[in-house]
Peer 1: 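I have a structure I would like to understand better, so I am pasting it below and will then ask my questions one at a time.
Only a predicted model underlies this, so the values are computations on that prediction, with no experimental measurement involved. What you see below is based on every heavy atom in this structure, not just the backbone, and it leaves out hydrogens, waters and symmetry mates.
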There are 2 protein chains.
Amino acid sequence: MALTRDHVVATAVELLRRYGLADLSMRRLARELEVQPGAIYWHVASKQELLVEVAAALLAELPGVREEVPQSEALAGLVELATAVRAALAPVPDAADVVGMAYAAERGSVTALRELRGLVGRAGVPADACDAVTDLLVHHILGSVALEQNERLAQAGDAGGAGRDGAEVARSFAVGLEVIVRGLVAARVITS
Amino acid sequence: MALTRDHVVATAVELLRRYGLADLSMRRLARELEVQPGAIYWHVASKQELLVEVAAALLAELPGVREEVPQSEALAGLVELATAVRAALAPVPDAADVVGMAYAAERGSVTALRELRGLVGRAGVPADACDAVTDLLVHHILGSVALEQNERLAQAGDAGGAGRDGAEVARSFAVGLEVIVRGLVAARVITS
DNA sequence: ACCTGAACACCGTTCAAGT
DNA sequence: ACCTGAACACCGTTCAAGT
């Protein structure tokens, strides 16, 4: 079967899910595809470009946001989407690094995060504060994902550790999200 | 002059400041110290351990927080400290990655961030929410630092770009910080 | 105690040459 | 158009042997 860009990206995603970012090298990927390392560079310009595609793929399955969301539901939709993004990334090793890098390189490269920004706008955040608020939300999501994965590793270390488990990290995330949403109103970023 | 752990760390910091994380390899560091790569491993167990030391060193110069801060001043002190940390890291290439990695590996490894957590507690955040709120603040700081450095790179790319400059990123950071602080009260995390 | 020399097992990327 | 083979310039880490 001939190599295609989609196949390269899909295999990279699988490698990430199974073994993490450290084992997602261009050479390892080539071995998985039963091809020489140089062959990959016909379909993808660089590892950086590949990782941006991987990040997009990780969040491509999320149900899209309805086009027309009334302002009254925008904040709730925002909380829902942020929670869904966190849940989708949490089980993927090093997902926070991969998505964080893609978002830093090009904010529009990940659909779900573009939709998040749209909801921020529709919730009433003025245009000149949209980026700041979206960044705050994205960093909260990715920080929480990274944290949960770290707890998992630490817990695997000490056998019966009293470390915070996934559910507890998810609760902390919800608290932080609530703080942000309430803060938007209290700081008069949203005048409602 | 005999190599010491402090000298190794200080040289690593200098390398990071001047050339960024990509050029801070154990081998490059050894060359800078005029020593064989293996020699570094007598003073430091691994690159990971070295980077944790580097992260601590980057924020070691910050003025410490007074021990006894009344609750009425804790929130203001928190904003001040967060702003100072951001300002200290902003000019250091890849500082967000280095400090983020150290914070993820061991939350107590960076003094200034430990002090931030102390202020969160003294501001009235209950013990079981301290970590969540501190994480939110730390990720906001590091996210903003990473963003500003990205803007700088993007601006260096297109000559007279309309990209957001450092001052604008700093303003966005302040907005986010205000949202968080107000949100703490509005979400009744702090009952004041 | 502290360092050298040399090795082990890897990287990302490029590119002439083949099919 | 798509891929191989082979090279270039690197990595982090280990460890016997030297001083």
Peer 1: Going by the ring-ring contact (aromatic ring centres under 6.0 Å, His included) test, which pairs reach into residues 11-35 of chain A, not counting sequence neighbours?
Peer 2: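 Passing the test, one end in residues 11-35 of chain A: no pairs.
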Peer 1: Scan residues 41-52 of chain B for pairs that pass side chain to side chain donor-acceptor pair (under 3.5 Å), counting only residues two or more places apart or in two chains.
Peer 2: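 Qualifying pairs, neighbours excluded: Arg5(B)-Glu49(B).
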Peer 1: I need the full list of salt bridge (charged side-chain N to carboxylate O under 4.0 Å, His left out) pairs touching residues 180-190 of chain B, with sequence neighbours left out, sorted by first then second residue.
Peer 2: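 Checked against salt bridge (charged side-chain N to carboxylate O under 4.0 Å, His left out) - neighbours excluded - the pairs reaching residues 180-190 of chain B are Glu178(B)-Arg182(B).
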Peer 1: Which pairs count as ring-ring contact (aromatic ring centres under 6.0 Å, His included) when at least one residue sits in residues 78-103 of chain A, sequence neighbours excluded?
Peer 2: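 For residues 78-103 of chain A: none.
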Peer 1: May I ask you to list the residues of residues 38-57 of chain A, by number, that have any heavy atom positioned under 4.0 Å from an atom of DNA chain D?
Peer 2: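 Close to the strand are Gly38(A), Ala39(A), Trp42(A), His43(A).
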Peer 1: Given dT13(D), dT13(C), dT4(D), identify the nucleotide with an atom nearest to the side chain of Val35(A).
Peer 2: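 Side chain of Val35(A) sits closest to dT4(D).
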Peer 1: Under the ring-ring contact (aromatic ring centres under 6.0 Å, His included) definition, can you give me all pairs with a residue in residues 116-154 of chain B, not counting sequence neighbours?
Peer 2: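 The answer is His140(B)-Phe173(B).
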Peer 1: List in chain and number order the residues that pass side-chain contact (heavy atoms from CB on, under 4.5 Å) with Thr4(A), two or more places apart in sequence or in another chain; answer none if no residue qualifies.
Peer 2: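 For Thr4(A), the residues satisfying side-chain contact (heavy atoms from CB on, under 4.5 Å) (neighbours in sequence not counted) are Asp6(A), His7(A).
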Peer 1: How does DNA chain C look in dot-bracket form if you count Watson-Crick and G-U pairs under 3.5 Å, write [ ] for pairs that cross, and put | where a base pairs with another strand?
Peer 2: ||.|||||...|||||.||
Peer 1: Between dC3(D), dC3(C), dT4(D), which one does the side chain of Ala2(A) approach most closely?
Peer 2: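 Ranking dC3(D), dC3(C), dT4(D) by closest atom to the Ala2(A) side chain puts dC3(D) first.
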Peer 1: Any residue in residues 16-30 of chain B with a heavy atom nearer than 4.0 angstrom to DNA chain D? Just list them by number, or reply none.
Peer 2: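 When residues 16-30 of chain B is checked for heavy atoms under 4.0 Å from DNA chain D, the hits, listed by number, are Ser25(B), Met26(B), Arg27(B).
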Peer 1: Taking only residues two or more places apart in sequence, or in another chain, which ones meet Asp97(A) in a side-chain hydrogen bond (donor to acceptor under 3.5 Å, both in side chains)?
Peer 2: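 By the side-chain hydrogen bond (donor to acceptor under 3.5 Å, both in side chains) rule, Asp97(A) matches no residue at all.
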Peer 1: Only pairs under 3.5 Å count here: list side-chain donor-acceptor contacts from residues 73-81 of chain B, not counting sequence neighbours, and write none if there are none.
Peer 2:
from, atom 1, to, atom 2, distance (Å)
Glu73(B), OE1, Arg66(B), NH2, 3.2

Peer 1: Using the side-chain hydrogen bond (donor to acceptor under 3.5 Å, both in side chains) criterion, which residues pair with Arg18(A)? Sequence neighbours excluded.
Peer 2: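 Partners of Arg18(A) under the side-chain hydrogen bond (donor to acceptor under 3.5 Å, both in side chains) test: Glu14(A).
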